[in-house]
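I have placed the structure first, in the form of structure tokens, so that the comments after it can refer back to it.
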Amino acid sequence: GIRDIGVTGVQTCALPIYTDGATTSIREVACIGRITRLERYPDGRFDLVVHGVSRARIDELDQPEADRLYLRAWMRPIDESGPGPAMPEARRTISGLLRGPRLARLSQGEFARQLTANEQVPTQALIDLIAFVVFSDQGLRYRVLADADCRSRAATVTRELQELDRLVELVDRQEPGAWPKGLSWN
């Protein structure tokens with residue numbers, strides 16, 4: 001049947017794994033998710049569709065045993081209780097940045113703008129979705145996941161969008177006519 005599992009928004013795995021190439025460790029915050037669809041393939045692989053329910057801190061980790069070949073975690077939710085504050089100013093700021101002339105060109109820009117325009121999407125969820133749709137930086141994604149304070153997450157996403165907008169503006173200033181012959185600033 002459908003079950004709750006701990007997953008991370010950063011990678012698709014049972015627990016949030018971090019590796020720097022030399023060492024691998026389990027991060028202390030993950031996302032509790034509900035499996036909404038499971039598809040099993042003949043070669044033994046699975047496709048899962050998971051709906052995130054709550055952020056959670058890993059309190060205890062059980063190592064694999066004879067009949068259980070996977071780690072098991074004891075977790076507690078770290079999200080604020082209830083729907084959270086509306087934060088209309090954060091929503092307006094993020095929406096304005098995504099509609100601006102530079103960030104409007106993002107590959108996921110149209111989807112992100114649709115999210116901000118949809119009042120059915122709570123601002124807390126909007127902030128998380130924008131962080132995971134627009135940004136590919138795994139460290140940033142994990143910082144957003146691990147932050148239980150929605151206002152702090154909004155500030156992080158806003159800051160990152162502003163920085164991205166600034167960088168795109170700098171790139172736009174590079175006129176191809178000013179490049180030395182045979183060179184590109186890329």
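- Nearest approach of Q124 to C150, heavy atoms of both residues: NE2-CB, 3.4 Å.
- Side-chain atoms of L164 and E160, non-hydrogen and from C-beta on, never get closer than 4.5 Å to each other.
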- Would you please test L97 and T93 for side-chain contact (heavy atoms from CB on, under 4.5 Å) and show each step? CA-CA 6 Å; L97 285 162; T93 301; 4.3 Å; yes
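- Rounding to the nearest 0.5 Å gives a distance of 10.0 Å between CD1 of I78 and CD1 of I32.
- Listed by chain and residue number, nothing satisfies the salt bridge (Lys or Arg N to Asp or Glu O under 4.0 Å) test with R143 (two or more places apart in sequence, or in another chain).
- Taking each heavy atom of Y142 and V29 in turn, the nearest pair found is OH-N, 3.0 Å.
- Nearest heavy-atom pair across R151 and P85 is NH2-CB, 3.2 Å.
- D62 is linked by a side-chain hydrogen bond (donor to acceptor under 3.5 Å, both in side chains) to R72, W74, counting only residues two or more places apart in sequence or in another chain.
- Checked against side chain to side chain contact (heavy atoms under 4.5 Å, CB included), V133 has the following partners two or more places apart in sequence or in another chain: Q108, F111.
- Cluster membership for V50 and F46, using ILVMFWY side-chain heavy atoms within less than 4.5 angstrom, is shared.
- Scanning both residues, C31 and G52, for their nearest heavy atoms gives SG-CA, 3.8 Å.
- Every residue meeting the side chain to side chain contact (heavy atoms under 4.5 Å, CB included) condition with D43, not counting sequence neighbours, appears here in chain and number order: Y41, R45.
- R40 pairs by the salt bridge (Lys or Arg N to Asp or Glu O under 4.0 Å) definition with nothing, not counting sequence neighbours.
- Scanning for salt bridge (Lys or Arg N to Asp or Glu O under 4.0 Å) contacts around D128 gives R55, R153, with sequence neighbours left out.
- Among L129, I127, V134, the one residue that satisfies the side-chain contact (heavy atoms from CB on, under 4.5 Å) test with V157 is I127.
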- Task: List the steps and the verdict of side-chain contact (heavy atoms from CB on, under 4.5 Å) for L106 and L98.
- Result: CA-CA 8 Å; L106 291 171; L98 291 168; 4.2 Å; yes
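- The side chain to side chain contact (heavy atoms under 4.5 Å, CB included) check on L126 picks up R91, L115, T116, V121, I130, with sequence neighbours excluded.
- Residues satisfying the side chain to side chain contact (heavy atoms under 4.5 Å, CB included) criterion with D137, sequence neighbours excluded, are L140.
- By the side-chain hydrogen bond (donor to acceptor under 3.5 Å, both in side chains) test, R159 pairs with T156, sequence neighbours left out.
- Looking at every heavy atom in both residues, A86 comes nearest to T123 through O-OG1, 2.9 Å.
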- Item | Verdict with supporting geometry, R105 and V168, side-chain contact (heavy atoms from CB on, under 4.5 Å) | CA-CA 10 Å; R105 302 186 321 236; V168 173; 3.3 Å; yes
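- For R57, the salt bridge (Lys or Arg N to Asp or Glu O under 4.0 Å) partners are E28, not counting sequence neighbours.
- Residues satisfying the side-chain hydrogen bond (donor to acceptor under 3.5 Å, both in side chains) criterion with Q120, sequence neighbours excluded, are absent altogether.
- With contacts defined as side-chain heavy-atom distances shorter than 4.5 Å, the pair D165/L161 does not qualify.
- With respect to E169 and R166, no salt bridge is recorded, no charged nitrogen being found less than 4.0 Å from a carboxylate O.
- By the side-chain hydrogen bond (donor to acceptor under 3.5 Å, both in side chains) test, D59 is found to be paired with R76, residues two or more places apart in sequence or in another chain being considered.
- What you find for M87 and A154 is that their closest heavy atoms are SD-CB, 4.5 Å.
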